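Note that the coordinates shown come from a computational prediction; the quantities given were computed from them, not determined experimentally.
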Amino acid sequence: MQHQTAYLQHMDWDKLQYFLIVAQHGTLAHAARMLKVDATTVSRQISALETQLGERLFKRSPSGFQLSVAGRALLPHAETMADAAARIHAVDSQKDGISGQLRLSLSEGFGSHFVAPRLPQFLRAHPALELDLVASTGFLNPSRREADVAILLAPPRKGPLIVRRVSNYQLGLYAPANRMDWQAAAEQGPLAQSDIPIVGYIPDILYAPELDYLGEIEPGLKAQVRSSSITAQRQMIAAGAGIGVLPCFLAAADPALKPVRISQQFRRSFWLTFHQDLAAQPRIRAFIDWLEKEIHLARHLLEPSSQ
């Protein structure tokens with residue numbers, strides 16, 4: 001660390017940002033794309049920085065680059081310099097000193113249908129931020145610096161992470177609003193014995209076991225119409241392809257959908273996750289504070305039966 005402290009006094013930000021981008025993205029290829037250079041250049045800059053510091057900053061493995069003890073010690077200094085550089089470039093538009101890149105990893109439903117419509121307010125408050133919203137089936141890994149903040153469906157079992165439950169959310173069975181015959185049949189008897197198609201996830205590419213919930217409606221219930229996308233499932237149900245389970249925040253306000261079997265609504269949780277080294281970063285704190293406020297204001301959407 002003494003070597004780092006002495007070197008930082010004379011460090012060129014253009015050189016240090018190679019270290020920071022590799023730390024954030026975990027591989028030379030990802031870092032090269034972000035920096036718009038080739039991977040060889042990134043590797044050469046990292047090696048040169050390690051030589052100058054006299055310390056190994058990363059542990060190399062087939063899965064990518066992970067920070068060493070020395071790398072973790074250097075990271076807060078690099079992030080401080082990144083924030084300072086962003087403030088210099090955004091001095092005319094910056095209002096509150098919060099800047100830099102913020103990469104979020106969220107499930108498709110929560111990211112696209114809850115967070116995305118509310119983000120303009122957050123971005124207007126912090127115009128110097130560069131924000132990446134990765135809303136997809138599957139999650140980026142905060143432990144490997146693939147994302148700054150991830151909202152997961154289950155708490156990670158390991159890694160240098162800060163994890164807490166940020167919200168519960170409610171799910172229920174929905175039918176097309178114009179299929180009153182299906183609605184009545186779903187209320188009267190077992191779905192497995194009806195001729196109603198069931199819409200759900202594709203079992204062999206289910207990206208989180210928490211999404212395997214048809215059995216909570218009826219033991220052994222299987223989907224005949226399947227998609228890896230909850231948005232596609234919602235659209236298929238609304239269009240009359242079948243009935244299926246949807247998050248209430250995604251479906252309750254859609255006039256093309258009708259909830260059935262209200263007594264069988266159940267809950268899952270969203271887990272806020274970020275690397276412990278980022279805990280003091282202003283952009284991380286600002287996003288978490290904003291998200292928790294939005295969740296509190298929308299509690300009636302996330303958990304309607306608790307209101």
Side-chain angles (χ1 to χ4, degrees), residues 106-118 135-139 151-154 165-271 295 298-307:
L106 303 92
S107 65
E108 179 198 9
F110 189 64
S112 297
H113 298 277
F114 186 90
V115 174
R118 293 168 170 80
S136 62
T137 54
F139 298 98
I151 308 296
L152 306 177
L153 301 181
R165 190 196 313 265
V166 71
S167 178
N168 295 322
Y169 68 100
Q170 195 166 306
L171 304 102
L173 192 64
Y174 286 84
N178 62 358
R179 290 301 304 261
M180 289 180 288
D181 56 333
W182 284 0
Q183 297 166 29
E187 301 286 1
Q188 293 169 2
L191 290 169
Q193 297 176 16
S194 73
D195 60 356
I196 305 173
I198 305 300
V199 177
Y201 283 100
I202 303 169
D204 58 344
I205 56 173
L206 200 66
Y207 69 91
E210 290 74 22
L211 301 177
D212 186 13
Y213 36 55
L214 286 179
E216 297 184 39
I217 300 297
E218 287 178 17
L221 189 63
K222 304 294 184 184
Q224 292 83 48
V225 183
R226 299 178 287 269
S227 174
S228 62
S229 164
I230 193 65
T231 300
Q233 291 178 41
R234 172 191 174 182
Q235 292 171 337
M236 290 191 293
I237 295 169
I243 70 176
V245 175
L246 295 170
C248 294
F249 70 81
L250 187 70
D254 190 337
L257 296 168
K258 179 72 173 179
V260 294
R261 295 193 183 183
I262 301 298
S263 62
Q264 285 192 301
Q265 291 181 335
F266 53 96
R267 286 176 173 80
R268 294 290 191 267
S269 298
F270 290 124
W271 296 85
I295 286 173
R299 186 70 65 189
H300 63 290
L301 300 175
L302 292 161
E303 294 189 89
S305 68
S306 67
Q307 302 303 304

Enquirer: How long is the gap from CD on Gln264 to CD on Glu187, to the nearest 0.5 Å?
Expert: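 If I round to the nearest 0.5 Å, the distance is 9.0 Å.
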Enquirer: Mind listing the closest non-hydrogen atom pair of Ala185 and Ile196 along with its distance?
Expert: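 Scanning both residues completely, I find the closest heavy atoms to be CB-CD1, 3.7 Å.
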Enquirer: Does any part of the side chain of Tyr169, heavy atoms only, come nearer than 4.5 Å to the side chain of Cys248, both counted from C-beta?
Expert: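 The answer is no, as the side chains (C-beta and beyond) never meet within the 4.5 Å cut-off.
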Enquirer: Any salt bridge between Glu303 and Arg267, counting N to O under 4.0 Å?
Expert: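 Between Arg267 and Glu303 there is a salt bridge, with a charged N closer than 4.0 Å to a carboxylate O.
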Enquirer: Might you point out which heavy atoms bring Ser228 and Ile205 nearest each other, and give the distance in Å?
Expert: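 Where Ser228 meets Ile205 most closely, the heavy atoms are CB-CD1, 4.1 Å.
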Enquirer: Which pair of heavy atoms, one from Ala186 and one from Ile243, lies closest together, and at what distance?
Expert: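 Smallest heavy-atom distance, with atoms named: CB-CD1, 4.2 Å.
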Enquirer: Side-chain contact test, heavy atoms from C-beta onward, threshold under 4.5 Å: evaluate it for Ile262 versus Pro259 and give yes or no.
Expert: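 Side-chain contact under 4.5 Å: yes.
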Enquirer: What closest approach, in Å, do Glu210 and Leu153 show between heavy atoms, and which atom pair accounts for it?
Expert: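 Closest heavy-atom pair between Glu210 and Leu153: CG-O, 3.5 Å.
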Enquirer: To check you understand the geometry: which heavy-atom pair defines the closest contact between Ala241 and Pro197, and what is its length?
Expert: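 Of all heavy-atom pairs spanning Ala241 and Pro197, the closest is O-CB, 3.3 Å.
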Enquirer: Quick check: do Leu214 and Glu218 have side-chain heavy atoms less than 4.5 Å from each other?
Expert: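 Counting from C-beta outward, Leu214 and Glu218 never come under 4.5 Å.
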Enquirer: The test is side chain to side chain contact (heavy atoms under 4.5 Å, CB included); show your working for Ser107 and Phe270 and say whether it passes.
Expert: CA-CA 9 Å; Ser107 65; Phe270 290 124; 4.0 Å; yes
Enquirer: side-chain hydrogen bond (donor to acceptor under 3.5 Å, both in side chains): which pairs involve residues 247-258, sequence neighbours left out?
Expert: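 Output for this query lists Arg234-Asp254.
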Enquirer: Given 3.5 Å as the limit, does a donor-acceptor pair link the side chain of Gln224 with the main chain of Ile198, or not?
Expert: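 At least one qualifying donor-acceptor pair exists.
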Enquirer: Please check this pair: side chain of Arg179 against backbone of Ala175, looking for a donor-acceptor N/O pair closer than 3.5 Å.
Expert: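 Side chain of Arg179 to backbone of Ala175, a donor-acceptor pair under 3.5 Å: no, none is there.
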Enquirer: If you apply the rule side chain to side chain contact (heavy atoms under 4.5 Å, CB included), what do you find for Ile295 with Val166, and how did you get there?
Expert: CA-CA 8 Å; Ile295 286 173; Val166 71; 3.6 Å; yes
Enquirer: Return the set of residues passing side-chain contact (heavy atoms from CB on, under 4.5 Å) with Glu216 (not counting sequence neighbours), or none when no residue passes.
Expert: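 Checked Glu216 against side-chain contact (heavy atoms from CB on, under 4.5 Å); matches are Tyr213, Phe266, Arg268.
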Enquirer: Taking all heavy atoms of Phe114 and all of Ala298, pick out the closest pair and write down the distance.
Expert: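 Where Phe114 meets Ala298 most closely, the heavy atoms are CE1-CB, 3.5 Å.
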Enquirer: Ser167 versus Arg299: any side-chain heavy-atom pair under 4.5 Å?
Expert: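 Yes. Closest side-chain heavy atoms under 4.5 Å.
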Enquirer: Measure the CG-CZ distance between Asp204 and Arg226 for me, rounded to the nearest 0.5 Å.
Expert: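 Reported to 0.5 Å precision, the distance equals 8.5 Å.
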Enquirer: Between Ile217 and Val245, is any pair of side-chain heavy atoms under 4.5 Å apart?
Expert: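 Yes; the side chains approach each other to less than 4.5 Å.
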Enquirer: Do Leu191 and Arg261 come close enough that some side-chain heavy atom pair is under 4.5 Å?
Expert: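 Yes, side chains in contact.
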Enquirer: Does some side-chain heavy atom of Ile230 sit less than 4.5 Å from a side-chain heavy atom of Pro247?
Expert: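 Yes, side chains in contact.
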Enquirer: Which distance, rounded to the nearest 0.5 Å, do you find between the NE2 of His113 and the CG of Leu106?
Expert: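 If I round to the nearest 0.5 Å, the distance is 12.5 Å.
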Enquirer: Could you tell me how the ring of Phe249 sits relative to the ring of Phe110: parallel (under 30°), tilted (30 to 60°) or perpendicular (over 60°)?
Expert: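 Taking Phe110 first and then Phe249, their aromatic rings stand perpendicular (interplane angle over 60°).
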Enquirer: Check whether Gln265 reaches the backbone of Gln170 with its side chain - one donor and one acceptor, N or O, closer than 3.5 Å.
Expert: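 Not at all, since once roles are kept as given, no pair shorter than 3.5 Å links the two residues.
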Enquirer: Mind checking what makes side-chain contact (heavy atoms from CB on, under 4.5 Å) contact with Ser227, not counting sequence neighbours?
Expert: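 Scan of Ser227 (side-chain contact (heavy atoms from CB on, under 4.5 Å), adjacent residues dropped) gives Ser229, Ala232, Gln233, Met236.
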